[in-house]
Amino acid sequence: MKLKFSKMHGLGNDFVVVDGIRQTVGLTPERLRQLGDRHLGIGFDQLLLVEAPHAGENDFRYRIFNNDGSEVEQCGNGARCFVKFVTEQKLTNKRAIRVETAKGVIVPEYHSNGLITVDMGVPRLKSLEVPFIADGDAITHPLAIGDDSIDITVVSMGNPHAVCVVNNVESAPVAQQGPLVESHPRFPEKVNAGFMQIVNRGEIRLRVYERGAGETLACGTGACAAVVAGIQRGQLDSRVLVHTRGGDLNIEWGGPGHPVKMTGPAVTVFTGEIEI
């Protein structure tokens with residue numbers, strides 16, 4: 001069968017987006033790995049599948065798959081690309097849409113300037129909700145990785161994150177420590193590992209080693225989690241500019257009990273069709 005798709009990116013975090021409403025889509029883990037291969041397939045960090053919603057009050061449902069074939073719960077950069085896709089494909093004419101994900105409903109809004117704001121929901125801060133194995137809840141936890149120990153703040157943005165503060169994000173040992181944090185036994189569902197450099201109270205630099213995908217140029221939920229962690233630590237204000245290797249995001253959080261709002265761009269690179 002032939003599969004129609006759009007290749008998109010959010011700050012270099014790249015996606016294949018597939019319309020599962022107007023075409024029949026069969027995606028096995030093996031097929032996802034083939035499509036995600038950057039030499040033999042299309043190549044992507046994640047594949048986003050657009051589906052009809054389960055509940056009538058919502059507009060869409062979307063599923064998120066890593067290039068290793070695994071399915072994940074949430075993706076911030078993907079959410080923005082999702083909105084641009086359903087708008088460009090004329091699946092909706094709404095500016096604000098309700099989208100079902102594996103971890104609840106998000107409400108993105110497409111602005112006239114081309115930027116997209118996503119209400120990412122209220123972050124979960126309790127260890128068991130991440131999930132993270134700990135004796136109790138704390139703002140920071142020591143985590144032993146190899147011969148080293150790092151202090152992490154754990155946050156769930158619908159998917160699990162561990163955020164540590166580094167002096168210089170460019171020289172941070174992301175390639176070495178990222179996989180060790182990702183697969184650490186204290187994270188039963190694995191975790192996204194964020195390395196955050198605080199520039200000032202309204203600005204950070206960030207690299208993220210994503211669960212199932214490795215380091216990406218940008219991670220939307222990682223940016224949200226990093227800002228939540230920095231505010232929890234008392235090091236950041238409520239509005240923060242996040243610099244990633246792929247570009248900038250604006251993150252806003254009013255504190256516990258409030259949702260995180262993320263604003264940034266989404267870009268369509270090309271549309272295509274592939275035999276699967």
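Side chains are part of it too, since the values below use all heavy atoms of this structure and drop only hydrogens, waters and symmetry mates.
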Atom [atom1] of [X] with >12 non-hydrogen neighbours under 6.0 angstrom:
{"X": "Ile133", "atom1": "CD1", "value": "yes"}
{"X": "Lys190", "atom1": "NZ", "value": "no"}
{"X": "Asn113", "atom1": "CG", "value": "yes"}
{"X": "Lys261", "atom1": "NZ", "value": "no"}
{"X": "Asp135", "atom1": "CG", "value": "no"}

Only one of Val16, Leu35, Ile42 forms a side-chain contact (heavy atoms from CB on, under 4.5 Å) with Leu3, so which one is it?
Leu35
Side-chain touch [X]/[Y], heavy atoms, less than 4.5 angstrom:
{"X": "Arg63", "Y": "Leu47", "answer": "no"}
{"X": "His9", "Y": "Val269", "answer": "yes"}
{"X": "Pro108", "Y": "Val99", "answer": "yes"}
{"X": "His243", "Y": "Gln197", "answer": "no"}
{"X": "Ile152", "Y": "Thr140", "answer": "no"}
{"X": "Pro160", "Y": "Val154", "answer": "no"}
{"X": "Phe132", "Y": "Pro188", "answer": "no"}
{"X": "Gln23", "Y": "Val18", "answer": "yes"}

Would the distance check show the side chain of [X] and the main-chain N or O of [Y] forming a donor-acceptor pair, the cut-off being under 3.5 Å?
{"X": "Asn58", "Y": "Phe60", "value": "no"}
{"X": "Asp137", "Y": "Ser127", "value": "yes"}
{"X": "Asp237", "Y": "Arg239", "value": "no"}
{"X": "Asn66", "Y": "Arg211", "value": "yes"}
{"X": "Asp14", "Y": "Asp45", "value": "yes"}
{"X": "Thr87", "Y": "Val83", "value": "yes"}
{"X": "Arg207", "Y": "Thr244", "value": "no"}
{"X": "Asn159", "Y": "Gln74", "value": "yes"}

SB check [X] [Y] (cutoff 4.0 Å):
{"X": "Glu51", "Y": "Arg61", "result": "yes"}
{"X": "Glu57", "Y": "Arg98", "result": "no"}
{"X": "Arg233", "Y": "Asp151", "result": "no"}
{"X": "Asp59", "Y": "Lys94", "result": "yes"}
{"X": "Arg245", "Y": "Glu215", "result": "yes"}

Do [X] and [Y] sit in one hydrophobic cluster, given that two such residues count as connected whenever their side-chain heavy atoms are within less than 4.5 Å of each other, even indirectly?
{"X": "Val155", "Y": "Met262", "value": "yes"}
{"X": "Tyr209", "Y": "Leu143", "value": "no"}
{"X": "Leu49", "Y": "Val72", "value": "no"}
{"X": "Ile150", "Y": "Val130", "value": "yes"}
{"X": "Val242", "Y": "Val174", "value": "no"}

What's the spacing between [X] [atom1] and [Y] [atom2] if we round to 0.5 Å?
{"X": "Leu249", "Y": "Asn77", "atom1": "CG", "atom2": "CG", "value": "6.0 Å"}
{"X": "Cys224", "Y": "Glu252", "atom1": "SG", "atom2": "CD", "value": "11.5 Å"}
{"X": "Thr28", "Y": "Arg33", "atom1": "OG1", "atom2": "CZ", "value": "7.5 Å"}
{"X": "Phe5", "Y": "Phe85", "atom1": "CZ", "atom2": "CZ", "value": "11.0 Å"}
{"X": "Met196", "Y": "Leu206", "atom1": "CE", "atom2": "CG", "value": "8.0 Å"}
{"X": "Ile251", "Y": "Leu236", "atom1": "CD1", "atom2": "CG", "value": "11.5 Å"}

We want to know whether [X] and [Y] form a side-chain donor-acceptor pair, criterion being a heavy-atom distance below 3.5 angstrom.
{"X": "Thr101", "Y": "Glu73", "answer": "no"}
{"X": "Gln232", "Y": "Thr153", "answer": "no"}
{"X": "Glu203", "Y": "Asn200", "answer": "yes"}

Nearest atoms (heavy-atom pairs only) where [X] meets [Y]:
{"X": "Ala52", "Y": "Ile21", "answer": "N-CG1, 3.7 Å"}
{"X": "Thr216", "Y": "Ala218", "answer": "OG1-O, 3.0 Å"}
{"X": "His141", "Y": "Ala138", "answer": "NE2-O, 3.4 Å"}
{"X": "Val191", "Y": "Val181", "answer": "CG1-O, 3.2 Å"}
{"X": "Pro131", "Y": "Phe187", "answer": "O-CD2, 3.6 Å"}
{"X": "Gly78", "Y": "Leu48", "answer": "O-CD1, 3.3 Å"}

Side chain to side chain contact (heavy atoms under 4.5 Å, CB included) assessment of Arg22 paired with Gln89
CA-CA 11 Å; Arg22 297 181 297 197; Gln89 295 293 316; 3.2 Å; yes
Centroid-centroid distance, Phe44 to Phe65, less than 6.0 Å:
no
Would you sort out whether Asp19 and Lys4 count as a salt bridge (Lys or Arg N to Asp or Glu O under 4.0 Å), showing the intermediate values?
CA-CA 8 Å; Asp19 179 355; Lys4 295 180 179 179; over 6 Å; no
Please walk me through it: do His258 and Val122 pass side chain to side chain contact (heavy atoms under 4.5 Å, CB included)?
CA-CA 5 Å; His258 293 273; Val122 177; 5.9 Å; no
Is it true that the NZ or CZ of Arg95 lies under 6.0 Å from the centre of Tyr110's six-membered ring and within 45 degrees of the ring axis?
yes
Trace of the side chain to side chain contact (heavy atoms under 4.5 Å, CB included) decision for Asn67 with Gln46:
CA-CA 6 Å; Asn67 58 23; Gln46 283 90 22; over 6 Å; no
Before giving the answer on side-chain hydrogen bond (donor to acceptor under 3.5 Å, both in side chains), spell out for His161 and Ser156 the whole-Å C-alpha distance, their side-chain angles and the decisive distance to 0.1 Å.
CA-CA 6 Å; His161 290 268; Ser156 173; over 6 Å; no
Using side chain to side chain contact (heavy atoms under 4.5 Å, CB included), reason through Glu100 and Ile106 one step at a time and then give a plain yes or no.
CA-CA 7 Å; Glu100 298 170 2; Ile106 59 173; over 6 Å; no
Over 60° means perpendicular and under 30° means parallel, so tell me whether Phe82 and Tyr62 are parallel, tilted or perpendicular.
tilted
